[in-house]
Number of protein chains: 2
Amino acid sequence: MYNVQPGYGAPQTHHRAYSGSPNYSQQQPAHRVHGGGYPAAGPPPGADPQLWNWFSAVDADRSGSISVTELQSALLNGNWTNFDLDTVKMLMSIFDTDRSGTIGFQEFVGLWKYIADWQNVFRHFDRDRSGSIDGRELSEALRSFGYNLSPSLLTLIEHKYASEPAVGYGPPPGITFDRFVRACVVVKTLTESFQRYDTRRDGWVTLNYEQFMTIVLSAP
Amino acid sequence: MYNVQPGYGAPQTHHRAYSGSPNYSQQQPAHRVHGGGYPAAGPPPGADPQLWNWFSAVDADRSGSISVTELQSALLNGNWTNFDLDTVKMLMSIFDTDRSGTIGFQEFVGLWKYIADWQNVFRHFDRDRSGSIDGRELSEALRSFGYNLSPSLLTLIEHKYASEPAVGYGPPPGITFDRFVRACVVVKTLTESFQRYDTRRDGWVTLNYEQFMTIVLSAP
């Protein structure tokens with residue numbers, strides 16, 4: 001099992017998980033820090049100079065905080081494509097802890113670490129160094145997180161998160177970084193939701209329409 | 001009830017629905033036509049000249065068929081943003097009926113009509129002519145399709161498909177065209193899946209993990 005930084009996407013994680021709910025609850029106190037509002041002129045006391053430089057580069061309009069648009073412009077996959085809006089929204093929902101709609105410097109520090117940790121995971125599982133994750137690599141990554149999914153579920157995920165549709169009945173192209181992160185967080189979120197309803201621990205859940213739709217629409 | 005073109009997103013539709021399955025089944029015979037391969041020089045016999053012109057414009061590299069990248073470059077929302085990759089993949093899964101990985105002219109004709117019909121739906125429900133769909137407009141659209149969702153589900157959809165995260169606890173920005181289409185197709189797909197498992201018609205389903213994950217990951 002890959003010794004991943006405390007369980008990103010893994011069921012045993014103690015890291016703050018994507019809450020997925022529109023009222024943005026379940027944020028950990030450690031990240032309940034002031035968001036934007038720092039003067040663009042200089043870093044807050046004790047700031048890591050390198051991180052402050054990166055933050056300032058992303059903050060293109062020098063407003064002192066990073067907007068969704070600035071974040072999406074700054075986040076690139078290995079093949080130079082931008083992150084999907086849905087991945088950016090997922091990241092905002094995790095790291096915009098004061099719900100200001102922007103990412104302040106302290107929030108940026110958490111976001112940066114999260115992305116760097118995921119990049120290490122991605123590089124580890126991209127065995128052939130192709131810059132994207134194929135079906136076999138995806139399967140190994142999810143298994144290392146503790147998810148033993150059936151071949152048919154793995155194929156569904158491989159197609160859903162591929163950066164292009166498959167041609168014919170062949171395998172789809174690989175999964176880029178940002179979609180790999182989203183796929184892992186989605187599997188984690190859905191599995192946890194399922195487990196919450198599986199109160200008898202027998203592998204079955206009984207759901208009404210409202211519960212079913214809420215679970216699905218709450219995932220990133 | 002809005003008299004929508006045969007039920008896009010509506011449960012009573014007879015139109016070809018997004019199958020959502022990675023083996024791309026359930027395509028209607030009417031669209032099982034040859035995909036790419038027309039000589040870039042001229043239109044096939046009987047082609048609508050205007051549609052041929054549009055097709056040729058989208059086919060930037062004059063290959064005779066439209067790739068995913070060409071399609072994504074050509075499809076714009078009212079605010080000039082490109083369609084999300086996930087919407088483009090959804091459209092490809094519906095209209096690339098010969099699974100060539102590209103859209104030929106005959107496939108393009110179906111795709112064009114689908115988008116034009118949805119644009120009419122979008123304009124109809126965008127009551128305030130803002131170019132995007134807000135929570136109230138979304139609720140009216142879904143109700144007209146036959147989906148009476150709870151306020152809390154509507155809020156979830158409004159946030160999930162908004163073009164940006166909400167600021168604070170206020171309402172999110174509106175839903176752009178392509179994400180509106182995806183939201184409606186997702187609600188339709190999930191509702192139909194739920195109904196398929198609700199064999200006693202009592203509003204409850206019992207699912208194991210495999211079934212649950214398959215339903216969710218099969219939706220666009």
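Just so it is clear, the structure is predicted and the values come from calculations on it, not from any experiment. Here is how names work: the chains are called A, B, and so on, in the same order as the sequence lines, proteins then strands, and each is numbered from 1.
- Summarising the geometry, atom CZ belonging to B/Arg179 is positioned 4.5 Å from atom CG belonging to A/Leu85; distances are rounded to the nearest 0.5 Å.
- Interface with chain B: from residues 197-212 of chain A, residues A/Gly203, A/Trp204, A/Val205, A/Thr206, A/Leu207, A/Asn208, A/Tyr209, A/Glu210, A/Gln211, A/Phe212 qualify, criterion being any non-hydrogen pair under 4.5 Å.
- Taken to the nearest 0.5 Å, the CG atom of A/Asn82 stands 10.5 Å off from the CG atom of B/Asn82.
- In this structure, A/Lys160 contributes its side chain and B/Ala219 its backbone to a donor-acceptor pair below 3.5 Å.
- A distance of 5.0 Å separates CD of A/Glu164 from OG1 of B/Thr69, quoted to the nearest 0.5 Å.
- Taking all atoms of both residues into account, the shortest heavy-atom contact from A/Val68 to B/Pro165 is CG2-CD, 3.3 Å.
- Although no hydrogens or angles enter the test, the distance criterion places a donor-acceptor pair under 3.5 Å between the side chain of A/Lys89 and the main chain of B/Ala162.
- Residue A/Leu217 holds its CG atom at 8.5 Å from CG of B/Leu149, rounded to the nearest 0.5 Å.
- Contact of A/Met92 with chain B is made through the side chain alone, with heavy-atom distances under 4.5 Å.
- Residues passing the side chain to side chain contact (heavy atoms under 4.5 Å, CB included) test with A/Asp134, sequence neighbours excluded: A/Asp128, A/Arg136, A/Glu137.
- Here the rule is side chain to side chain contact (heavy atoms under 4.5 Å, CB included) with A/Met213, and of B/Ile157, B/Leu153, B/Leu156 only B/Leu153 fits it.
- Contacts of A/Ser67 with chain B are absent, with no heavy-atom separation under 4.5 Å from either backbone or side chain.
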